[in-house]
S.K.: 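Could you have a look at this structure, given as structure tokens, before my questions?
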Amino acid sequence: MTTSSAVAPPAFEACRHRAFLGDGEGRAAWCGLTLAMTPCAAPVDCRVDVSVCDACGHCPSPSRFRPNAVVASLVWEATSRVGQRHSDPATTVRLAETRAWASRFMAEEGKLAPAQPEVRSAADGRRRLWSRFRLGRPRVGLVGYNNARGLGHQNRDLAGWLPVDRWLAPDEAGEASAPPAGMRRPLDYLVPGEDVRRALERWLRGLDVLLFVESPLIDGLTALAKERGVRIIAVPNWERLHPGMEWLDDVDGMLCPTLHTKRVLDDWKERFGFRWAAHYVPWPIDTERFPFRQRTASRRFLFINGGGGLEARRPDGSPAGFRRKGLEVLAEAARLVPHIPLIVRTQTDELPPLPENIEVRWAAEENDQLYDEGDVCVQPSHWEGLGLPLLECQAAGLPLLTLDAPPMNEHHPLAAIPVRRTEVVEASPLRPIAAPRPAAEDIAQALESLYGRDIAGASREAREYIQRRHSWRSQRANLWDFLRP
């Protein structure tokens with residue numbers, strides 16, 4: 001007597017994400033999970049064959065916010081197909097963000113485990129509670145640069161206005177500035193040749209909050225802090241982030257300095273499943289450092305170039321012909337209005353050819369001295385993470401002229417320059433952005449419309465706006481409340 005046994009169907013036949021195009025023998029399978037993850041995708045963009053489904057069945061089970069390596073690869077391929085049909089800047093950026101996020105899950109094929117809930121040991125809990133009881137407040141450690149650039153100014157303000165317990169600053173080859181007044185202890189540095197993990201463990205000991213602007217700078221720092229039960233708060237600059245950065249999963253809270261930043265991160269939370277809290281606080285300026293000087297008439301325009309900002313590159317790697325701050329297009333505009341004088345304050349001598357009505361001056365040692373001259377500040381930035389000069393100038397009494405594009409137009413400009421086109425450029429690896437490209441003619445027209453105008457009221461209003469909305473005295477409590485658990 002013989003018996004026969006039916007061959008069990010492959011496990012993937014029961015996959016709830018597997019669907020079909022067409023009928024009969026000509027039908028083709030497609031992945032519904034890939035479709036859900038890929039912007040503007042159609043089922044045909046997410047087609048799969050039997051071998052792919054079989055490989056997926058041998059990987060950890062995927063989910064909407066935790067694809068396995070096979071599904072992540074399908075998402076990558078689908079974004080490429082969609083990109084061939086949709087080339088508008090907004091869709092191009094969303095597809096690139098999705099590719100960056102999917103790339104994290106492609107790195108270790110077949111080895112990814114499902115996300116585990118966050119676990120803090122009882123010892124961590126006792127340590128955190130004891131620290132707050134002993135000090136009456138959480139102990140905050142700041143990590144970041146201490147220099148004369150934008151990030152350095154942000155860090156020094158944080159250390160000067162908030163009760164930061166310690167500050168770990170990388171060695172910047174002589175660029176470091178003195179710590180702000182009020183710091184209770186000298187800055188900490190990593191000693192070359194020292195065991196980095198051991199040094200970081202020692203530095204983190206007793207902290208309740210790890211705080212940084214833009215990036216944690218040190219590989220593995222956020223993971224180590226999370227292991228020790230330290231709460232992690234980031235002040236993100238949206239143009240320097242992409243969703244594939246692994247440290248984003250370690251963050252507990254995003255302290256967004258612009259509304260545009262919060263909108264970007266809220267979108268990422270919805271699309272990629274990040275669990276941090278995102279809170280908007282208008283970034284504060286130390287108005288006590290920027291003395292107000294009444295401007296009465298618009299006779300000279302001031303442009304703060306700094307280091308010029310990143311040189312933009314197109315997705316194919318070719319130069320886009322401009323830097324972030326926009327001096328190139330401002331120079332074109334100035335040639336169209338040769339009777340209007342402009343001052344450029346710069347930290348670099350790598351400048352484009354400039355017309356005779358632009359006077360170049362080296363940047364002052366302290367940023368509060370940048371705004372001693374000029375009547376209106378013109379900043380045609382192609383993008384800004386925050387845009388400190390757009391706020392600092394108003395604190396000093398200079399009304400602002402900038403682009404009608406976020407986040408620049410959030411900063412209460414006296415006038416906004418229209419933007420008629422955008423171009424996709426790379427702000428950093430895996431981070432393309434849709435950069436506004438203003439026309440020189442529109443900038444020249446804006447300069448002409450303000451030149452010679454009575455701006456006494458606008459000068460006072462600029463200062464009052466910063467005091468009301470962007471001063472440390474008005475926003476300090478909001479920042480501190482977010483840092484506290």
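This structure is a prediction, so every number in the text was calculated from the model and none was measured. Positions are given from 1 along the sequence.
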S.K.: List the residues meeting ring-ring contact (aromatic ring centres under 6.0 Å, His included) with Tyr465, not counting sequence neighbours, and say none if there are none.
M.R.: His412, His470

S.K.: Mind jotting down which residue pairs meet the ring pair (Phe, Tyr, Trp, His ring centres under 6.0 Å) criterion with at least one end in residues 329-359? Sequence neighbours excluded, please.
M.R.: His339-Tyr451

S.K.: Quick one: list whatever passes side-chain hydrogen bond (donor to acceptor under 3.5 Å, both in side chains) with Asp316, sequence neighbours left out.
M.R.: Ser318

S.K.: With no hydrogens and no angle check, do the side chains of Asn305 and Gln347 hold a donor and an acceptor under 3.5 Å apart?
M.R.: no

S.K.: Looking at residues at least two apart in the chain, or sitting in another chain, which of them share a side-chain hydrogen bond (donor to acceptor under 3.5 Å, both in side chains) with Ser459?
M.R.: none

S.K.: If the condition is side-chain hydrogen bond (donor to acceptor under 3.5 Å, both in side chains), which residues does Arg437 pass it with, not counting sequence neighbours?
M.R.: Glu423

S.K.: Can you list the residues that meet the side-chain hydrogen bond (donor to acceptor under 3.5 Å, both in side chains) rule with Ser215, with sequence neighbours excluded?
M.R.: none

S.K.: Can you list everything that forms a ring-ring contact (aromatic ring centres under 6.0 Å, His included) with Trp276? Sequence neighbours excluded, please.
M.R.: Phe274

S.K.: Examine the side chains of Trp203 and Asp188 and answer whether a donor and an acceptor come within less than 3.5 Å of each other.
M.R.: yes

S.K.: Among residues two or more places apart or on two chains, list those pairs meeting ring pair (Phe, Tyr, Trp, His ring centres under 6.0 Å) that have a residue in residues 239-259.
M.R.: Phe212-Trp247

S.K.: Which residues satisfy the ring-ring contact (aromatic ring centres under 6.0 Å, His included) test with His382, sequence neighbours excluded?
M.R.: Phe322

S.K.: Any pair with a residue in residues 348-370 that passes ring pair (Phe, Tyr, Trp, His ring centres under 6.0 Å), sequence neighbours left out, goes on the list, sorted by first then second residue, please.
M.R.: none

S.K.: By the salt bridge (charged side-chain N to carboxylate O under 4.0 Å, His left out) test, which pairs, at least two apart or in different chains, include something from residues 331-350?
M.R.: none

S.K.: Who passes ring-ring contact (aromatic ring centres under 6.0 Å, His included) against Trp101, sequence neighbours left out?
M.R.: Phe105, Phe272

